[in-house]
Amino acid sequence: MSNVSLKEYKEFKEKYVDCFFPKNLDTWSSKVLLETVNDKELMTEIQQYIDLCRNDITSENLDKLLSYLHSKIETSLEKVKNSNEEDKFHEMSIAMIYVGLFESIDELSSFCDNLIDEIKSKYGENYLSIIQKVDKAFLSVDGKKILNENEDKNIEDDLLNKYLVLKKWQDINHNFYYESIEPLLNEVEKNYIDKNNNGTFDFETPLTLQKLNYLNNKPILTIDELSKYYLAGLKKELVKIIGGKGYGLTILNSLGITIPETYVIPVSSDESTYTNLLNQNIRYSVRSSADIEDGEKNSFAGMFDSYLDVGLQDIDKYVKLVKMSKNNERVKKYVEHYNLGNPNMAIVVQKFIEPEISGVWIGNDLNSGVLEYTEGDGEKLVSGKVTPKREVWDKKTDKNNLLKCKDGYIGKLLLDIQIKIGTISDFEWMILDGKICMLQYRPVTSKIYLDNTTDNNISIEGDEFFSGIPASPGVVSGNARFINVRYIDKVNDWKKDDILMAWYTDPEWMNILSKSSGIVTAVGGFLCHSAIIARELGIPCVIGIGGDNMKKIWNEKELTIDGDNGKVYKGKIKTLKKVDCKIVCVDTNK
């Protein structure tokens, strides 16, 4: 493995991962981001695969790419089987990267979206009907089982041939996944959790748990490494490791906002080997970062001790003093008053330079706030030892005689940072060499009020509907049922023509899919299994309405699905557009 700089990692995330992998299902992008934090070779390899998925790739080369990735998966699975227990989980994680690339290219990626857009552009409003006819002519394995037909025809349009390549490989991969990948994956992940879950962390996936354990066991962490894990999707889970202040600085740094050179000593660290990363020629600030500090509900402002202008030889001494401050009386009273748990202490170590000006910012809403500042370091300001200068910032602020630096008005810069973060913010900042440098971010826990603020009332008019991807044409109204993936094997009372609602579907659902009059899923794409089967069977289908929208309708007894426009309505409609499901032969070369 070779290290990946924060700049390289952000470019990889923004130009490759965010633009390629499905946006309505973050499983694969999350795995890729977590595994490439410190693995430049893997990152470069993934970039090369994604670069190959250009719109001008031929159906022949697309077939070769998917065949190659399939062989990579098979090779990786053999590595898993032959690895010792210590390496099995890592090798399985790498194997799943190739699985994710394969499935994303084959079903859910921007490549699929672009392919469908090209088909739309070429065939116009009739594109769904054209694809449906192609699907009926080239049935998937499951379609053949239901319809008992197999009349493949030649297609000379390479655009449609690319679609058929994806469909072919989806068929191949479905059985391969359930027979060869899933059993091994479940075994390896279960063994890892059984051996490594000590109850310290809440985690969504075993890979998340692995990365959290890795960070928790390091004696000291750089802010750049933490920022990469934050960008990879570790959010509030990090607070248990690096505390509230460390988490706020991680957010600032990940957004490219200037902060001092920063390190965090994790909550669990009891080693003094962290000094090996620090510079004896630099003075440092040693600051508290408790896991219940600087949060959305309780700031613990001023409760813990911090020390400025510390030499390397004294770092260990002051780290211990900051850790001990969690037991002081003011902290105990604060914890008792708010009925909180006992704090665990991480330590933020930052390069110390005497600032020209220091200040704080308290947001009122995203577009307003109050700025206070003083000359020199900010300790006397936050402790109330001086009366600071004050500015109120909102849309009507008169900018005459307000504080500026080389980059512009300080208040405007802080307002922009608050908007960039997306939360009403409490900042500590300073000016160094004429430029702003952020020292701390936390969400505002006590709202301030400005005289010239107003509330906006927003109303929405019109029929309520939920939008997704139009995956199979037609309009249908009927009785609806939500099926939980975990209990699919217990469903034995499905009625013909019921509308199916589900988070997603898979090939094992064929008995229900074939009887359904319509299908709605929370996640998925135009090339997912349920969409293809719906088109083959002539069932109206809307895919990927999103988890939040699914929760709003999953208790509905009746729905209307508009598969032509990708809309799902609550209840039945009075006038129902009739759906013609006849198979019509067309010349796909036109």
Side-chain angles (χ1 to χ4, degrees), residues 22-25 107-110 112-136 159-160 163 166-167 460-482 497-505 513 516-554 556-584 586:
K23 292 180 172 58
N24 62 350
L25 185 65
E107 183 173 324
L108 291 168
S109 67
S110 60
C112 296
D113 294 339
N114 293 336
L115 177 60
I116 298 306
D117 286 342
E118 282 191 86
I119 294 173
K120 286 182 187 178
S121 177
K122 184 169 184 176
Y123 292 100
E125 295 180 357
N126 261 344
Y127 81 97
L128 269 181
S129 297
I130 297 295
I131 294 177
Q132 186 178 47
K133 286 155 191 167
V134 172
D135 283 334
K136 287 177 180 293
L159 197 58
L160 294 176
Y163 169 78
L166 297 181
K167 183 176 177 178
I460 301 173
E461 296 180 354
D463 294 332
E464 184 177 13
F465 64 84
F466 304 92
S467 295
I469 300 168
S472 183
V475 178
V476 66
S477 287
N479 299 323
R481 286 181 63 182
F482 178 81
D497 295 333
D498 280 351
I499 290 176
L500 170 64
M501 291 184 287
W503 215 255
Y504 59 86
T505 70
L513 287 172
S516 301
S517 62
I519 301 169
V520 184
T521 68
V523 299
F526 198 84
L527 274 159
C528 71
H529 179 263
S530 51
I532 287 177
I533 294 301
R535 289 193 294 271
E536 290 180 352
L537 301 180
I539 299 171
C541 178
V542 177
I543 301 294
I545 66 169
D548 290 341
N549 285 338
M550 180 59 77
K551 290 175 184 177
K552 293 175 183 176
I553 64 170
W554 61 14
E556 293 294 319
K557 300 300 181 186
E558 296 178 336
L559 289 179
T560 297
I561 297 174
D562 179 357
D564 297 286
N565 297 299
K567 294 180 179 179
V568 181
Y569 296 84
K570 290 183 178 180
K572 292 183 179 180
I573 59 173
K574 294 180 181 178
T575 305
L576 182 61
K577 176 183 173 183
K578 301 214 171 180
V579 183
D580 184 1
C581 295
K582 292 180 181 178
I583 300 176
V584 180
V586 295

> Checking side-chain contact (heavy atoms from CB on, under 4.5 Å) for the pair Lys122/Glu118: CA distance, chi angles, key distance, verdict?
Replying inline: CA-CA 6 Å; Lys122 184 169 184 176; Glu118 282 191 86; over 6 Å; no
Do [X] and [Y] have side chains that approach each other closer than 4.5 Å (heavy atoms only, starting at C-beta)?
X: Gln132; Y: Pro473; value: yes
X: Tyr569; Y: Leu559; value: no
X: Leu115; Y: Leu166; value: yes
X: Ile119; Y: Ile130; value: no
X: Ile519; Y: Ile539; value: yes
X: Thr560; Y: Phe465; value: no

Does [X] reach the main-chain N or O of [Y] with its side chain, forming a donor-acceptor pair under 3.5 Å?
X: Asn126; Y: Ser129; value: no
X: Lys567; Y: Ile561; value: no
X: Thr521; Y: Val523; value: yes
X: Asp497; Y: Ser517; value: no

>> To the closest 0.5 Å, what do you measure between OG (Ser472) and CD1 (Ile131)?
In response: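 One finds 10.5 Å between OG of Ser472 and CD1 of Ile131.
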> How long is the gap from CG on Asp562 to OG on Ser467, to the nearest 0.5 Å?
Replying inline: 10.0 Å
I need the minimum non-hydrogen distance between [X] and [Y], along with the two atoms involved.
X: Lys572; Y: Gly478; result: CE-CA, 3.9 Å
X: Pro470; Y: Leu128; result: O-CD2, 4.0 Å
X: Ile543; Y: Ala471; result: CG1-CB, 3.4 Å
X: Val134; Y: Leu160; result: CG2-CD1, 4.1 Å
X: Gly538; Y: Lys136; result: N-NZ, 4.3 Å
X: Ser516; Y: Leu500; result: OG-CB, 3.8 Å

>> Is there a side-chain contact (heavy atoms from CB on, under 4.5 Å) between Lys557 and Asn479? Walk through the geometry before answering.
In response: CA-CA 6 Å; Lys557 300 300 181 186; Asn479 299 323; over 6 Å; no
> Please walk me through it: do Ile545 and Met550 pass side-chain contact (heavy atoms from CB on, under 4.5 Å)?
Replying inline: CA-CA 7 Å; Ile545 66 169; Met550 180 59 77; 4.1 Å; yes
> Which of parallel (below 30°), tilted (30 to 60°) and perpendicular (above 60°) describes Trp503 and Phe482?
Replying inline: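 Perpendicular: the ring planes of Trp503 and Phe482 meet at over 60°.
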> Can you check side-chain contact (heavy atoms from CB on, under 4.5 Å) on Lys120 and Tyr123, steps first, answer last?
Replying inline: CA-CA 5 Å; Lys120 286 182 187 178; Tyr123 292 100; over 6 Å; no
